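This structure is a prediction, so every number in the text was calculated from the model and none was measured.
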Amino acid sequence: KYLPALVDAYDAQDVAFNIPMRMLNIVAYLPYFSRFLLTMAKTSICKTQACCMATVSSIPPDPTHLIEMCQFLSTLLALQGTSSVSEEDKQALLPKMREWNRKYQRQQITRCLKQLEDDPETTLMAEGLKLHCQKSLNECGFDGCENSGISKLLQCSRCKTAVYASTCTSISCCNRDHQKISWPFHKATCFPAVF
């Protein structure tokens, strides 16, 4: 219930740097966020952030705010794709990103700029990040298990993000064993998903 409310609070903002954006930036790399984007996101958060950043009239007074905005957009570009950004916003954003990159020379700005420019090496890196963020949604959470693919996996009944193999004919064999052994590692990040 908190993530949808946080996204609603984010959508209600009309500025690129805001508290809901900062909070989303903190959880953007978690499987919970990836599952939300795949199942519940009504609009493209990436499109919203790019649009807000494209309309920024001046450089934020605190460069760390700019760096955090670029980090968030970069993660969203990796998860939702550069095609989610309108060509108009992209053309408005590119000159600003180049200026910010020249002024601050920070990797978050450079990476975001290169993603918007469709740089092949950065695109490959972004695809790797997306795979990493969505890995626990597509592979058994048991270390060493070779099972993958949504049809072969069962979700953790509590958080819906960790998945375990279900290929054995007896339900108590593979998936329960893998889940039990993996529980101490998964427990720290497991909380009920309510979206």
Side-chain angles (χ1 to χ4, degrees), residues 2-139 161 195:
Y2 298 111
L3 188 54
L6 182 57
V7 170
D8 288 344
Y10 169 76
D11 285 338
Q13 305 292 317
D14 60 354
V15 293
F17 185 81
N18 54 68
I19 298 302
M21 184 232 61
R22 295 185 85 185
M23 294 174 74
L24 286 170
N25 191 31
I26 292 167
V27 300
Y29 68 95
L30 295 174
Y32 185 72
F33 186 75
S34 291
R35 181 166 303 282
F36 176 80
L37 290 179
L38 293 170
T39 60
M40 293 296 294
K42 297 174 213 136
T43 59
S44 169
I45 299 171
C46 183
K47 179 181 179 178
T48 303
Q49 184 65 17
C51 182
C52 287
M53 289 176 68
T55 59
V56 167
S57 57
S58 62
I59 296 175
D62 186 345
T64 59
H65 293 178
L66 176 64
I67 292 162
E68 193 168 346
M69 289 175 357
C70 290
Q71 174 61 46
F72 184 52
L73 181 58
S74 177
T75 303
L76 292 171
L77 287 167
L79 295 175
Q80 293 191 304
T82 57
S83 63
S84 63
V85 178
S86 74
E87 195 58 37
E88 181 183 337
D89 286 340
K90 190 186 268 191
Q91 293 311 315
L93 193 51
L94 282 170
K96 291 177 184 190
M97 296 291 289
R98 290 181 185 115
E99 177 192 341
W100 299 336
N101 196 38
R102 276 191 301 277
K103 184 169 183 169
Y104 297 110
Q105 298 178 351
R106 297 296 300 259
Q107 68 180 8
Q108 296 88 340
I109 301 169
T110 304
R111 183 173 53 247
C112 193
L113 173 62
K114 287 184 174 192
Q115 282 174 279
L116 288 168
E117 293 174 333
D118 294 320
D119 173 68
E121 186 177 325
T122 308
T123 300
L124 190 61
M125 253 180 29
E127 288 170 7
L129 173 64
K130 182 177 183 175
L131 288 173
H132 174 75
C133 289
Q134 294 179 349
K135 180 179 180 180
S136 71
L137 304 177
N138 299 313
E139 294 181 7
T161 57
F195 56 82

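No side-chain donor-acceptor contact under 3.5 Å links Asp89 to the backbone of Ser86. Checked by atom type and distance alone, the side chain of Thr122 never pairs as donor or acceptor with a backbone atom of Asp118 at under 3.5 Å. In terms of modelled atom types and a separation under 3.5 Å, the side chain of Tyr10 and the main chain of Gln49 share a donor-acceptor contact. With hydrogens and angles ignored, the 3.5 Å screen pairs a side-chain donor or acceptor of Gln80 with a backbone N or O of Cys46. Put simply, the side chain of Lys96 gets close to the backbone of Ala54: a donor and an acceptor are under 3.5 Å apart.
Ile109 and Cys70 get closest at one heavy-atom pair: CG1-SG, 3.8 Å. Here the shortest heavy-atom pairing between Tyr29 and Cys133 reads O-SG, 3.7 Å.
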(message) Evaluate Leu93 against Val85 for side chain to side chain contact (heavy atoms under 4.5 Å, CB included), listing each step before the verdict.
(response) CA-CA 10 Å; Leu93 193 51; Val85 178; 5.6 Å; no

(message) Between Thr82 and Gln115, is the side-chain hydrogen bond (donor to acceptor under 3.5 Å, both in side chains) condition met? List the steps.
(response) CA-CA 7 Å; Thr82 57; Gln115 282 174 279; over 6 Å; no

(request) Please report the C-alpha distance between Glu117 and Lys90 in whole Å, then the side-chain angles of each, then the deciding distance to 0.1 Å, and finally whether the salt bridge (Lys or Arg N to Asp or Glu O under 4.0 Å) criterion is met. (result) CA-CA 9 Å; Glu117 293 174 333; Lys90 190 186 268 191; over 6 Å; no

(request) Take Leu79 and Phe33 through the test side chain to side chain contact (heavy atoms under 4.5 Å, CB included) and record every step on the way to the result. (result) CA-CA 10 Å; Leu79 295 175; Phe33 186 75; 4.0 Å; yes

(request) Dump the intermediate steps for side-chain hydrogen bond (donor to acceptor under 3.5 Å, both in side chains) on Thr64 and Glu68, then the final yes or no. (result) CA-CA 6 Å; Thr64 59; Glu68 193 168 346; over 6 Å; no

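If you take CG on Leu24 and OG1 on Thr75, they are separated by 11.0 Å, rounding to the nearest 0.5 Å. We find the CG-CZ distance between Asn101 and Arg111 to be 11.5 Å, quoted to the nearest 0.5 Å. Atom CG of Leu6 sits about 10.0 Å away from atom CG of Asp11, to the nearest 0.5 Å. Note: Leu37 CG to Ser44 OG = 8.5 Å, rounded to the nearest 0.5 Å. One distance of note links CG of Leu76 with CG of Asn25; it measures 8.0 Å at 0.5 Å rounding.
The shortest side-chain heavy-atom distance between Asp62 and His65 falls under the 4.5 Å cut-off. Here the side chains of Phe72 and Ile67 are not in contact, with every heavy-atom distance at 4.5 Å or above. Side chains of Thr55 and Val15 form no contact here, defined as non-hydrogen atoms less than 4.5 Å apart. Counting heavy atoms from C-beta outward, Leu30 and Val27 have side chains that approach closer than 4.5 Å. Counting heavy atoms from C-beta on, the side chains of Lys114 and Met125 never come closer than 4.5 Å. Within the 4.5 Å cutoff, the side chain of Phe17 has no heavy atoms near those of the Leu66 side chain. Residues Lys103 and Glu99 are not in side-chain contact: their nearest non-hydrogen atoms beyond the backbone lie 4.5 Å or more apart. Residues Cys52 and Met21 have side chains not in contact (no heavy-atom distance under 4.5 Å, counting atoms from C-beta outward).
Within a 6.0 Å sphere centred on NZ of Lys47, other residues, nucleotides and ligands contribute 12 heavy atoms or fewer.
Judged by distance alone, the side chains of Thr123 and Glu127 never bring a donor and an acceptor atom under 3.5 Å apart.
Each of Gln105, Arg106, Gln108, Met53 was scored for a side-chain contact (heavy atoms from CB on, under 4.5 Å) with Trp100, with one residue passing: Met53.
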